[in-house]
Amino acid sequence: MRHASRLAWALTDVDLRVEPGERVLVTGASGAGKSTLFAALAGLLDPEAAEVTGELTVDGAPPRAARDRFGLLMQDPDAQLVMTRAGDDVAFGLENAGLPPAEIWPRVDAALAAVGWRHDRDRATQALSGGEKQRLVLAGALARRPGLLLLDEPTAQLDPDGAVVVREAVGRAVADRATTLLVVDHDAAPWLPLVDRVVEVHAGGLVEHAADWAPAPRAAGLSLPPPPAVTGTGADGGVLVAERAGFTYRGTTTPALAPVDVGLPAGRVTAVTGPNGTGKSTLALLLAGLRAPTTGAVLASAALAVRGERRPHRWRAGDLVTRIGTVFQQPEHQFLTGRLRDELELGPLRSGSGSATARARAQELLERLGLAPFAEVNPYTLSGGQQRRLSVATALATAPHVLVLDEPTFGQDAATWRELVTLLAEQRAAGCAVCTVTHDRDLVAVLADGEVAL
């Protein structure tokens with residue numbers, strides 16, 4: 001399979017036969033083509049936007065002919081939400097299938113309960129966290145009782161307890177072998193008791209792993225530069241400080257983020273952790289100066305302030321870009337150009353760097369993060385893991401004093417995970433104040449100097 005805008009093939013020489021009722025875990029390096037394979041299996045590839053060779057069938061027919069029997073969770077749950085209320089979104093597929101209302105709502109409630117849903121049916125989908133959206137889309141897939149369940153990174157945005165709930169829900173859904181399961185996950189170990197076999201996607205096709213296969217620990221052999229011995233935290237306890245900062249969306253009464261105190265010292269990594277829906281991503285937006293708190297304040301140190309203004313949300317974009325680098329939870333929300341190289345040069349150029357300096361910095365980051373082969377391609381054609389690395393690279397490109405990163409290791413294989421962690425450790429060693437919102441306990445263990453649990 002090859003995308004229309006690419007010279008290289010996304011997948012080559014893939015031979016895979018899955019029997020009815022089988023449970024298969026699909027692994028492989030970031031960018032190996034796992035999500036492309038799932039899109040093809042789900043009949044979602046546009047024939048005019050992709051070149052396909054070989055044969056792909058579901059029950060002996062083209063995938064598009066069997067789509068009414070699929071349950072699908074894609075890497076980006078936002079792409080699958082179609083209704084404004086949670087219950088309606090789960091019911092949407094059942095209504096399209098023509099089920100009577102008396103049967104629809106019990107199935108909706110059962111599916112929401114199965115994935116550990118903590119809200120009622122009327123919860124606005126726009127008010128959900130990334131992890132809550134993942135649960136909601138999975139509930140919609142399970143409610144259909146599909147013959148084929150395709151799950152692409154179903155636990156990537158979930159807190160550890162939520163990930164356990166989701167895996168248990170999937171296990172119950174496929175227990176009677178009436179549903180065939182294919183699941184992609186870089187966190188392979190927790191799925192091994194549930195699946196029958198593991199296949200790894202690579203440049204030459206697929207590799208089958210033995211039944212006792214186990215992935216090597218991601219942090220094995222990792223050697224990081226230590227934090228600086230002395231940090232200039234300033235009198236206020238950090239380069240950037242949240243003082244009882246909270247946020248409530250207009251028209252709602254429940255805070256998206258309850259008031260919290262956080263200080264980000266120079267040369268230290270602060271991890272923000274906690275269950276889905278507790279306001280971690282909202283806190284990241286406040287610290288990044290991209291949203292004003294509705295209670296309390298976010299204040300920069302006097303040294304970081306812009307012409308005496310200490311509130312980052314009042315700074316101009318040109319001042320913000322050299323002071324606070326940001327990575328959004330959805331990386332595609334921050335891409336502004338049609339080419340990777342341009343994306344990485346944009347920030348340095350806007351901050352006053354010359355073109356030669358911007359070009360050199362862009363090339364360095366492309367090579368460090370394994371993106372050099374894609375320097376001339378559109379960011380939106382990358383895999384989810386590649387988009388995440390690009391978003392981190394854009395934040396690093398201007399060498400900011402503060403980094404605010406929302407799930408920076410999402411969608412990474414072991415090798416790219418280690419490179420990302422090493423890059424962040426280098427920023428810390430250079431005196432940068434780093435804040436990372438994360439469910440990745442390995443990242444917290446090897447890099448965090450402090451933890452704020454919401």
Side-chain angles (χ1 to χ4, degrees), residues 1 3 10-11 18 24-28 30-47 49-50 52 56 58 63-64 66-83 86 89-90 92-94 96 111 115 125-126 128-144 146-158 162-163 166-167 169-170 173-174 179-187 191 201 276 328-333 335 378-388 390-391 407 410-413 439:
M1 301 170 193
H3 299 289
L11 284 170
V18 179
V24 181
L25 174 65
V26 182
T27 69
S30 174
K34 303 181 298 297
S35 295
T36 300
L37 174 61
F38 270 40
L41 288 170
L44 297 179
L45 287 185
D46 184 351
V52 180
L56 180 64
V58 177
R64 285 176 177 266
R67 283 196 295 188
D68 62 335
R69 291 181 284 124
F70 292 168
L72 174 66
L73 172 59
M74 296 189 293
Q75 205 167 41
D76 177 14
D78 280 292
Q80 291 184 257
L81 296 175
V82 294
M83 306 297 284
D89 204 85
V90 177
F92 182 76
L94 302 178
N96 280 351
V115 299
T125 53
Q126 66 177 3
L128 301 177
S129 70
E132 289 172 330
K133 290 175 182 177
Q134 271 198 310
R135 291 195 195 205
L136 182 62
V137 173
L138 178 60
L142 296 179
R144 300 182 67 183
L148 174 61
L149 190 57
L150 299 168
L151 306 178
D152 194 351
E153 299 273 8
T155 63
Q157 299 186 51
L158 299 180
V166 162
R167 284 190 292 268
V170 173
V174 302
T179 298
T180 303
L181 171 67
L182 276 81
V183 57
V184 167
D185 207 316
H186 286 291
D187 188 13
W191 289 100
V201 181
N276 295 118
F328 296 162
Q329 190 174 47
Q330 288 82 28
E332 67 276 8
H333 289 180
F335 299 147
N378 190 302
Y380 293 97
T381 67
L382 298 177
S383 73
Q386 291 168 332
Q387 287 186 343
R388 171 56 72 211
L390 176 61
S391 66
E407 296 288 0
F410 168 86
Q412 303 307 310
D413 59 72
H439 294 300

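Only heavy atoms go into these numbers, but all of them, side chains included; no hydrogens, no water, no symmetry mates.
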[X] side chain near [Y] side chain, heavy-atom distance below 4.5 Å:
{"X": "N378", "Y": "F335", "result": "no"}
{"X": "L138", "Y": "V166", "result": "yes"}
{"X": "H186", "Y": "K34", "result": "yes"}

Task: Option among D89, D78, D76 that satisfies the salt bridge (Lys or Arg N to Asp or Glu O under 4.0 Å) test with K133 - done: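 Result for salt bridge (Lys or Arg N to Asp or Glu O under 4.0 Å) with K133: D78.
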Donor-acceptor pair, side chain of [X] and main chain of [Y], under 3.5 angstrom:
{"X": "Q80", "Y": "L72", "answer": "yes"}
{"X": "Q134", "Y": "P77", "answer": "no"}
{"X": "N276", "Y": "Q157", "answer": "yes"}
{"X": "R144", "Y": "D68", "answer": "yes"}
{"X": "T155", "Y": "L158", "answer": "no"}
{"X": "Q412", "Y": "F410", "answer": "yes"}
{"X": "D413", "Y": "S30", "answer": "yes"}

- [ ] Could you tell me which residues satisfy side chain to side chain contact (heavy atoms under 4.5 Å, CB included) with A141, sequence neighbours excluded, listed by chain and number?
- [x]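 Residues passing side chain to side chain contact (heavy atoms under 4.5 Å, CB included) with A141: L149.
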Task: For F92, all residues meeting side chain to side chain contact (heavy atoms under 4.5 Å, CB included), sequence neighbours excluded - done: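 Result, side chain to side chain contact (heavy atoms under 4.5 Å, CB included) vs F92: V82, M83, N96.
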